[in-house]
Each structure stands twice: as structure tokens, then as C-alpha cells.
Amino acid sequence: MPVPLPDADTVLLLPPDAAEVACVARGVISAVAPEGGLSGLQQTLLAAMFHSLTGFDVDPAAVQAELAVKPYGPQDLAQDLYRRDAAFRGRIVQTMVTAELVLDPLPVSVAARVAEFAAELSVHDDLEDVLHGHVESGRRLAAIDFDRNGYLHDFDLAHVDHLHVGDGALNSPWTPVENDPALAARWASLGELPAGTLGRGVYDFYKSRGFSFPGSPGSAPPLLAQHDWVHILADYGTRVESEIEVFAFIARANDDLHAFSLLAMVVSLFETGSLASGAGLFQADKGHLSRPGMAARFGDALRRAALCTGSNDFMATDWFAVADKPVAVLRRELMLPDKSGEAVAAGSVGPWDAGGISPFQLNAGRKLAEAEGREYAGPGLGEPEL
């Protein structure tokens with residue numbers, strides 16, 4: 001029977017202590033371990049996530065051994081978390097879903113257990129609907145309609161002022177807009193801002209990679225372009241591994257649990273390849289989350305976002321309203337912490353680091369600079385002042 005949410009007098013809002021983290025670890029691992037035990041990636045990823053988000057170290061293999069002696073089920077976890085609110089419980093379920101998404105193939109039994117844990121925790125709404133649909137179809141979450149069940153479930157095309165597109169330009173959230181001179185000019189005008197501002201950083205970011213500004217031919221959908229500002233704000237490059245970091249950051253910064261669907265989409269694109277395409281531009285490219293160091297980078301992106309002040313929907317932000325602010329000021333206002341030393345050592349790079357750009361983007365940026373008759377200034381060559 002589902003454990004109800006606590007009232008205002010009972011709710012516990014303090015960070016979890018070691019004992020509670022141990023309970024959560026038992027619950028998560030009970031939910032997501034397939035027959036035969038956790039996969040190597042699951043172990044690495046869960047250890048990194050617990051370390052980054054709680055400050056406590058968890059050994060998933062040791063927890064799994066304990067569970068073989070003393071099982072820990074959905075009711076056990078729900079009872080132990082009876083004082084925790086919907087947000088806390090929802091994040092636990094998201095951790096479970098993250099760990100199940102990296103299984104390839106995903107056993108139906110694992111999906112069923114995650115759904116059972118979600119139900120006992122009273123985690124409902126669209127997230128639970130997705131989980132149940134996942135079980136019934138025998139398919140992974142990535143194959144279900146992210147837009148209908150996730151972040152874009154209530155997207156209103158009549159209220160997209162933050163995208164600055166012309167009237168009637170969008171017929172779906174991920175529609176590219178390639179013939180909107182006013183929109184393209186707005187993006188191009190960012191080049192007039194002083195060095196060190198967010199807008200100028202985004203302008204240089206586009207130029208160094210040969211990206212087309214939204215509103216011009218060959219550009220990304222305006223909604224997807226929203227995440228490009230986060231590359232500059234949070235200091236992440238543009239290789240696939242960095243894209244995973246960016247969307248982990250975006251999903252965790254938003255208190256609306258629907259935002260998690262954006263991260264689930266990216267994991268399904270760039271780890272298992274179970275989603276062929278997404279966001280109007282991305283194409284599947286398997287195996288990136290399981291690369292060395294990525295678990296630490298992933299966990300750290302979640303940590304940094306969790307420590308930002310307030311709830312931040314970066315995909316719905318009017319970035320042009322703050323484009324003239326220095327990046328350093330915006331980071332201070334958000335209380336955005338630096339990357340951890342572990343993440344940096346694991347390979348986390350910024351947009352201006354030599355490893356923060358793909359060879360294709362580097363070549364495109366150089367060609368654009370040549371066509372425009374200017375010297376190329378890009379990652380590792382001419383870092384803008386931020």
C-alpha cells in the first residue's frame with residue numbers, strides 16, 4: 001500500500017544522513033539490479049551519483065551482497081522515507097530510472113520493480129504513467145513519447161516569447177526555424193556585447209563551431225538552442241560527453257520532475273541508442289556514458305545543478321534578457337559551484353578547452369572564419385575572456 005506524503009509538521013527537509021543514504025542505496029539497487037546482478041556501468045554510475053549528490057560513498061557491489069542475505073523491498077524503502085516529500089521521493093525514482101535506462105536490453109522485470117517502488121513511494125503523475133507504459137509494452141522508456149509524457153507535456157505554442165520566433169513559425173516544440181531574419185539578426189547582435197558577457201560567449205561559441213544562428217538556414221530548432229547558453233554558463237564543451245553533462249545539469253536544476261525526461265532522452269540517444277533521434281537534431285550515438293570518467297562527470301553535473309539557488313528551467317529562460325550580464329556575475333547569482341576536481345580529472349572540459357570541441361565542429365569553425373575573412377579563434381587557440 002503506497003505510503004502517503006508527509007504533512008507540514010512531519011516532513012523532513014534536511015539533507016540525508018549516512019543511515020538514510022544507506023536505505024536509499026538498498027532501495028535503488030533492489031529496484032534496478034537485473035537477474036545476475038548490477039551491470040558494470042550501473043555500479044560505476046550509482047557509486048558516482050551517490051558520492052556527488054549525498055557526499056557519502058556507496059559500494060553498490062557490497063550493497064547487492066547484503067541484499068542477497070536480507071532483501072529490501074518497495075514497502076521497506078517507502079516506510080523508511082515516510083517523512084520525505086514528493087520532490088525527494090521523485091528524485092529517488094529518477095535515480096532508479098537512470099540506472100535502468102543504461103541496461104541494454106532492459107529486462108521487463110526491472111522496469112516492473114521500478115514501477116512498484118514508484119507506486120509505494122506515492123510518486124505519481126506523468127512519471128508513473130511513463131513507467132507503467134514502459135512495463136506494459138516491454139520497451140524502454142526512451143521508446144515512449146517523451147514530449148507527451150515528459151518535459152513538453154504542457155508545452156504551449158502560443159506562449160513561446162522566450163524563443164523570440166516569428167508568429168506561426170513553430171508547429172511543434174522541436175521545429176527548426178530557418179527563415180526568420182529578425183531572429184537570426186537578434187542572435188547575430190550578441191557579437192556587439194562586451195567580452196565576458198553571456199551573450200558574447202554564446203556568439204563566440206557559435207562562430208568557433210561554425211553553427212548557424214537560429215532563424216537562418218541549417219540552424220538548430222530554437223528550443224534546442226536554449227541549451228547552448230548553458231554550455232557557456234556551466235562551462236561544458238560540445239562533444240557528446242559534454243552534451244550529456246549539460247542535460248544532466250539542466251534536468252537537475254529544475255524542480256519540475258518532468259525535466260528529467262530531457263536527460264532520459266539524451267541517455268537513450270547517447271548510451272544505449274534505443275532512441276534513434278531526438279530534439280529535432282540529435283542522432284543516436286551509442287556508448288558515451290560508459291566511457292572512462294563519464295560517471296564522475298555525470299554525477300558532478302547533477303551535484304552542481306542541485307546546489308544552484310532556486311528552481312531553474314533553463315529551457316524556458318529568456319536568455320536575451322540576461323545576455324549582457326557577465327558570466328561570472330550570473331554564476332554568482334545562481335551560486336553555481338565550480339566543477340569538482342574529480343570531474344576535471346575525469347575529463348570534464350569547457351567550451352574553450354582544446355578537448356571541448358569535436359573535429360567536425362573545429363573544421364566547420366575554421367571554414368566559417370576563412371569565409372568571413374577573419375582569423376580563427378576557437379577552443380585551445382583564442383579563449384574569450386569569461
Side-chain angles (χ1 to χ4, degrees), residues 146-147 150-234 236 238 243 246-247 249-251 253-254 256 258-259 261-262 265 278-282 308 310-327 329-331 333-334 351 361 364-365 368 372 384 386:
F146 283 107
D147 293 351
Y151 175 72
L152 300 175
H153 73 291
D154 60 354
F155 190 88
D156 187 350
L157 292 174
H159 296 91
V160 290
D161 292 347
H162 60 286
L163 299 181
H164 299 283
V165 298
D167 292 340
L170 297 177
N171 54 42
S172 72
W174 302 116
T175 301
V177 178
E178 300 182 298
N179 186 24
D180 189 335
L183 177 61
R186 182 184 290 271
W187 280 79
S189 70
L190 295 174
E192 301 169 9
L193 294 171
T197 61
L198 177 64
R200 180 56 183 269
V202 169
Y203 176 88
D204 292 336
F205 172 90
Y206 267 64
K207 288 292 186 178
S208 66
R209 289 156 171 79
F211 290 170
S212 298
F213 293 126
S216 59
S219 61
L223 179 59
L224 182 59
Q226 289 287 96
H227 94 281
D228 288 330
W229 301 81
V230 180
H231 280 277
I232 304 301
L233 179 67
Y236 291 118
T238 47
E243 296 291 354
V246 166
F247 278 94
F249 183 88
I250 288 172
N254 193 342
D256 183 349
H258 288 98
S261 68
L262 296 171
M265 174 186 70
L281 182 69
F282 290 143
C308 284
S311 175
N312 300 281
D313 186 349
F314 291 126
M315 298 296 283
T317 296
D318 186 350
W319 290 108
F320 285 96
V322 295
D324 61 346
K325 281 193 172 186
V327 175
V329 170
L330 289 168
R331 289 173 180 168
E333 290 177 351
L334 281 170
Q361 294 163 357
L368 179 61
E372 294 180 346
L386 294 177

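This chain uses plain numbering: 1 for the first residue, then up along the sequence. Worth knowing before you read on, the calculation uses all heavy atoms, side chains too, and leaves out hydrogens, waters and symmetry mates. Treat the numbers as computed from the prediction; the structure is a model and nothing was measured.
- Contact between Ala225 and Pro214 at its shortest, heavy atoms only, is CB-CG, 3.7 Å.
- Side-chain atoms of Gln226 never come within 3.5 Å of backbone atoms of Leu163 as a donor-acceptor pair (strictly under, hydrogens ignored).
- The heavy-atom pair separating Gly199 from Leu190 by the smallest distance is O-CB, 3.4 Å.
- The side-chain heavy atoms of Leu193 and Tyr203, taken from C-beta on, include no pair separated by under 4.5 Å.
- The two atoms that bring Leu281 and Ala220 nearest to each other are CD2-CB, 3.9 Å, heavy atoms only.
- Residues Gly215 and Ala184 approach most closely at C-CB, 4.0 Å, considering heavy atoms.
- You'll find the side chain of Trp174 reaches within 4.5 Å of the side chain of Leu224, heavy atoms only.
- Atom-to-atom distance recorded for Phe282:CZ and Glu243:CD is 4.5 Å, nearest 0.5 angstrom.
- Scanning both residues, Ala251 and Ala259, for their nearest heavy atoms gives CB-O, 3.7 Å.
- Under the side chain to side chain contact (heavy atoms under 4.5 Å, CB included) criterion, Asp313 pairs with Tyr151, Asn254, Met315, Ala316, sequence neighbours left out.
- A side chain to side chain contact (heavy atoms under 4.5 Å, CB included) with Pro351 is found for exactly one of Asp228, Val202, Asp204, Ile232, namely Ile232.
- Remark: the backbone N or O of Ala234 is not paired with any side-chain donor or acceptor of Arg331 at under 3.5 angstrom.
- Remark: the backbone N or O of Thr317 is not paired with any side-chain donor or acceptor of His162 at under 3.5 angstrom.
- Ring geometry, Trp319 versus Phe314: the interplanar angle falls under 30°, so the pair is classed parallel (tilted spans 30 to 60°).
- Listed for the Thr175 side chain is no donor-acceptor partner under 3.5 Å among the backbone atoms of Ala169.
- Using a 30° and 60° split on the angle between ring planes, Phe213 and Tyr206 fall in the parallel class, below 30°.
- Residues Leu170 and Leu223 form no side-chain contact, since every pair of their non-hydrogen atoms from C-beta on lies 4.5 Å or further apart.
- Note on ring orientation: taking the six-membered ring where Trp is involved, the planes of Phe320 and Trp229 are perpendicular (angle over 60°, cut-offs 30° and 60°).
- At distances below 3.5 Å, not a single donor-acceptor pair connects side-chain atoms of Asp180 with backbone N or O atoms of Val165.
- Note on residues 207-218: pairs passing side-chain hydrogen bond (donor to acceptor under 3.5 Å, both in side chains), not counting sequence neighbours, are Lys207-Glu372, Arg209-Thr238.
- Counting only heavy atoms from C-beta outward, the side chains of Lys325 and Leu198 never approach each other to under 4.5 Å.
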